[in-house]
Structures are given as C-alpha cells and as structure tokens.
Amino acid sequence: MVVQGFSYPMHNGKNKQIVLGDWPSEYLFEKFLKRQPSRFERRSIDRENAVIEAADAVITLFPNVREYMLKKYKNKNIYCFGNVVNVGDDVAIPADIQQRKTKSKRLLFVGQPFYLPGALELIEAVRNLRQQGADFEVDIVGIDSSLIKVEYGWLKVHGYLDKENSQDKKKYYELLSNARLFVNTTPGWSGFQALLEAMYFHNPIVVRPNESLNSYFPNLKDVAYILEEGGPNLEVMLAESISDGARYKCMSEASRRSVESSNWSNFTEKLTGLFK
C-alpha cells in the first residue's frame with residue numbers, strides 16, 4: 001500500500017495506492033483563489049487529476065470536499081474519515097481546565113503569516129474593548145512581531161512555536177490551556193489543525209463561516225461564535241463570551257466533545273478497513 005498526496009506520481013501498478021489531502025488544486029482555485037489557473041498551473045492540475053482518477057482510494061479531510069470530488073471525478077472511491085487532533089499521549093489536559101476557562105480573559109490566535117488579517121482584526125477589536133473598560137489580553141502564535149507592528153502591554157506575540165522543542169511545546173499547550181477563546185476570523189479559512197487542537201483544550205472558537213467548517217461540524221453554532229456578514233461584530237462576540245457565562249460554559253464543554261473522535265486510532269481503523 002502506498003499513501004501519498006494528490007500531486008504525487010502516478011499509480012505504479014504494483015501496490016494499492018491511496019492519495020490523501022485537504023482538497024485538490026481545482027477546488028483551491030475555484031473556492032479560495034477565485035480565478036482561472038495559468039497555463040502552467042493547468043498542466044499541474046491535469047496531472048493531479050490523473051493521479052486522483054487512477055488511485056485505489058482517495059481520502060479528503062472534509063465532507064463538503066468529498067461531495068465536490070464525487071461530482072467531479074469518475075473515480076468514486078473517494079472517502080472522508082475526518083481529521084486528527086495532533087496532540088500526543090504525553091500531553092495531559094489540566095484537571096482544572098474548566099475553572100481556568102471560566103476565569104480567563106486571554107484570547108488566543110494561532111496562524112501562519114498569511115492569516116495576518118485575522119490577527120490584526122483581533123488586536124483592533126481588543127484595543128477598542130479595552131478603551132471601554134474590558135480587560136482582555138491577546139496571545140499571537142505563528143506570526144512574528146515584525147509583521148504585527150504594534151506593541152501593547154496586553155499583547156504577547158510569541159512567533160513560531162516548534163512543538164519539537166520541549167520549551168516551545170510546553171508554552172504552546174499552556175496557551176491552549178489558559179485561553180478563553182481561540183480566535184481566527186481571517187476570511188476564507190481558519191487554520192484548521194490549530195483550531196482542532198484548541199477545541200481539544202475546551203476552547204470555543206471565533207471564526208467567519210466557511211463551507212468546509214460547516215460540513216465538518218454540523219453543530220458549529222454550539223462551539224463557535226460565528227462572525228457573519230450583517231451580524232454582531234467581533235467586539236460584541238468577545239464581550240458576549242464574558243457576559244453570558246452559562247452559554248460560554250456549554251460551548252467550552254461542547255468544543256471538547258466535538259473533537260474527541262478525531263484521533264489517529266479512529267482514522268487508521270477506517271483507512272485500513274478499505275482493503276480488508
């Protein structure tokens with residue numbers, strides 16, 4: 001059995017071939033980039049499509065992407081087994097985590113530099129709320145301070161934290177344990193792997209709506225404050241997480257429940273079951 005990404009070489013004819021990925025490139029152009037691919041990009045897409053058509057099984061991580069691919073490709077051996085929370089067995093959830101959440105005013109953003117708009121939106125919202133008397137604090141992970149370009153006493157920019165480094169790993173899980181909310185409102189996407197880890201640590205999430213997130217979490221409104229066009233702004237939602245403590249507690253508990261089945265044991269059992 002060979003497991004590879006959508007863009008790897010064609011089937012060698014000797015082994016069972018599984019291709020695995022978030023979504024194919026054509027989906028990326030259609031849903032996110034919203035433009036036609038160039039001539040050279042088109043060649044790469046055509047090659048990727050051929051790999052997908054020849055595979056013995058195709059695994060995508062999102063239910064809506066599976067539906068998209070089933071309509072697009074002749075190969076109907078396309079599956080979705082969900083995603084996996086990449087938290088090792090050596091990482092323990094603090095016994096008092098719910099009490100920490102209830103008391104916390106810390107807001108956590110995790111994302112690579114291309115999520116910068118979401119980080120800046122969070123910082124501006126908290127700046128405005130603090131002027132009104134709120135005492136939120138913000139932690140930014142994954143983006144360097146040179147891109148943030150502002151400094152406040154309530155803002156900590158941690159940059160990239162490498163989980164292969166014991167000190168960085170400890171810091172990262174401390175941030176997840178002590179945050180009140182995970183916030184990434186960058187339009188289009190929300191850093192899904194970090195989002196899953198945050199929910200595993202009982203964090204409700206603050207996001208903009210997107211198709212893949214809705215398909216993955218049918219109960220999204222039970223775990224998320226959703227920043228929708230024409231609805232309450234980010235400042236209102238952050239304040240609501242404090243003012244409506246009963247709802248916040250339910251969302252915190254639901255966040256953890258929603259990702260408990262997203263583990264390697266369940267994923268590999270479903271994957272190996274394809275060829276039994």
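Since the model is a prediction, treat every value here as computed from it, not as a measurement.
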Can W154 and I123 be said to form a side-chain contact (heavy atoms from CB on, under 4.5 Å), step by step?
CA-CA 10 Å; W154 45 265; I123 293 168; 3.9 Å; yes
Before you tell me yes or no, could you show the steps for L271 and I59 under side-chain contact (heavy atoms from CB on, under 4.5 Å), namely the whole-Å CA-CA distance, both residues' side-chain angles and the distance that decides it to 0.1 Å?
CA-CA 9 Å; L271 181 62; I59 314 297; 4.1 Å; yes
Can you list the residues that meet the salt bridge (Lys or Arg N to Asp or Glu O under 4.0 Å) rule with E30, with sequence neighbours excluded?
none
How long is the span from the CD1 atom in I45 to the CD atom in E26, to the nearest 0.5 Å?
5.0 Å
Just verifying a value: how many Å separate Q193 CD and L61 CG, rounded to the nearest 0.5 Å?
9.0 Å
Flag the pair Y79 / M69 as yes when at least one side-chain heavy-atom distance between them is below 4.5 Å, and no otherwise.
no
Check whether D244 reaches the backbone of E240 with its side chain - one donor and one acceptor, N or O, closer than 3.5 Å.
no
Closest approach of V223 to M199 (non-hydrogen atoms, all atoms of both residues)
CG2-CE, 3.9 Å
S255 and P204: which non-hydrogen atoms are nearest, and at how many Å?
OG-CA, 3.4 Å
Grouping I, L, V, M, F, W and Y whenever their side-chain heavy atoms are under 4.5 Å apart, do F275 and I52 come out in a common cluster?
yes
Working for salt bridge (charged side-chain N to carboxylate O under 4.0 Å, His left out), residues E260 and R256
CA-CA 6 Å; E260 284 183 339; R256 170 58 190 236; 3.4 Å; yes
Going by the side-chain contact (heavy atoms from CB on, under 4.5 Å) test, name the single residue among L120, L155, L147 that passes it with I140.
L155
Examine F182 together with F109 and report whether their ring centres are nearer than 6.0 Å.
no
More than 12 heavy atoms of other residues, nucleotides or ligands under 6.0 Å from NZ of K71: is that the case?
no
Mark yes or no for whether N77, through its side chain, and V58, through its backbone, hold a donor-acceptor pair below 3.5 Å.
no
Common cluster, L234/V236, ILVMFWY with side-chain heavy-atom separation under 4.5 Å
no
Taking the basic N atoms (NZ, or NE/NH1/NH2) and the acidic carboxylate oxygens, is any pair closer than 4.0 Å for E151 and K156?
no
Got F114 and T186 here, is their nearest side-chain heavy-atom distance under 4.5 Å?
no
Hey, is the main chain of S25 close enough, under 3.5 Å, to the side chain of E48 for a donor-acceptor pair?
yes
Consider only side-chain N and O atoms of N49 and Y73, and report whether a donor and an acceptor are under 3.5 Å apart.
yes
Could you check whether W23 and Y68 have their ring centres less than 6.0 Å apart?
no
Determine, step by step, whether C80 and T60 satisfy the side-chain contact (heavy atoms from CB on, under 4.5 Å) criterion, reporting the C-alpha distance in whole Å, the side-chain angles of both residues, the deciding distance to 0.1 Å, and the verdict.
CA-CA 5 Å; C80 175; T60 178; 4.3 Å; yes
Side-chain donor-acceptor contact under 3.5 Å, S258 with N219:
yes
Closest heavy-atom pair and its distance - A57, L274
CB-CD1, 3.9 Å
Test: salt bridge (Lys or Arg N to Asp or Glu O under 4.0 Å). Region: residues 180-196. Which pairs qualify, not counting sequence neighbours?
none
Does atom CD (Q132) have a neighbourhood of more than 12 heavy atoms from anything else shown, all under 6.0 Å?
yes
With respect to Y172, which candidate in E197, H158, Q167 satisfies the side chain to side chain donor-acceptor pair (under 3.5 Å) definition?
E197
Inter- and intrachain pairs under salt bridge (Lys or Arg N to Asp or Glu O under 4.0 Å), touching residues 210-236, at least two apart:
K31-E211
Given 3.5 Å as the limit, does a donor-acceptor pair link the side chain of K101 with the main chain of N203, or not?
no
Any donor-acceptor pair under 3.5 Å from D168 side chain to L161 backbone
no
Give a yes or no on whether the backbone of Q99 and the side-chain of D96 come within a donor-acceptor separation of less than 3.5 Å.
no
Is the shortest side-chain heavy-atom distance between V84 and N266 below 4.5 Å?
no
Of all pairs that satisfy salt bridge (Lys or Arg N to Asp or Glu O under 4.0 Å), the ones with a partner from residues 79-92, not counting sequence neighbours:
D90-K169
So does S212 get a backbone contact from the side chain of S215, meaning a donor-acceptor N/O pair under 3.5 Å?
yes
Heavy-atom side-chain contact between V206 and T185 under 4.5 Å:
yes
Please tell me if the side chains of L181 and S104 come closer than 4.5 Å, counting only heavy atoms from C-beta onward.
no
How long is the gap from CZ on F29 to CZ on R35, to the nearest 0.5 Å?
4.5 Å
Looking at K170, I want to see if its NZ is surrounded by more than 12 non-hydrogen atoms of other residues, nucleotides or ligands under 6.0 Å.
no
Nearest-0.5 Å distance that lies between atom CG in L238 and atom CG in L107
5.5 Å
Pair S44, E41: side-chain N/O donor-acceptor within cut-off below 3.5 Å:
no
Does K249, at its NZ atom, have more than 12 non-hydrogen atoms belonging to other residues, nucleotides or ligands within less than 6.0 Å?
no
Per the salt bridge (Lys or Arg N to Asp or Glu O under 4.0 Å) rule, what does the pair list look like for residues 121-147, sequence neighbours excluded?
K105-D135, R106-E137, R106-D139, E121-R208, E124-R127
Would you sort out whether L116 and I148 count as a side-chain contact (heavy atoms from CB on, under 4.5 Å), showing the intermediate values?
CA-CA 8 Å; L116 180 62; I148 298 297; 3.9 Å; yes
Would you give the length of the straight line joining atom CG of N83 to atom CG of N86, rounded to the nearest 0.5 angstrom?
7.5 Å
So L220 and L213, do their side chains get closer than 4.5 Å, heavy atoms only?
yes
Keeping N184 on the side-chain end and Y115 on the backbone end, is there a donor-acceptor pair under 3.5 Å?
no
Can you list the residues that meet the salt bridge (Lys or Arg N to Asp or Glu O under 4.0 Å) rule with E53, with sequence neighbours excluded?
none
Hydrophobic cluster membership, V110 vs Y160, 4.5 Å side-chain cutoff:
no
With a 4.5 Å limit on heavy-atom distance, are the side chains of F201 and L175 in contact?
no
Does a donor on one side chain and an acceptor on the other come within less than 3.5 Å for N210 and Y216?
no
Is any side-chain heavy atom of Y225 closer than 4.5 Å to one of V183?
no
Hey, could you give me the OG/CZ distance between S177 and R100, rounded to the nearest 0.5 Å?
5.5 Å
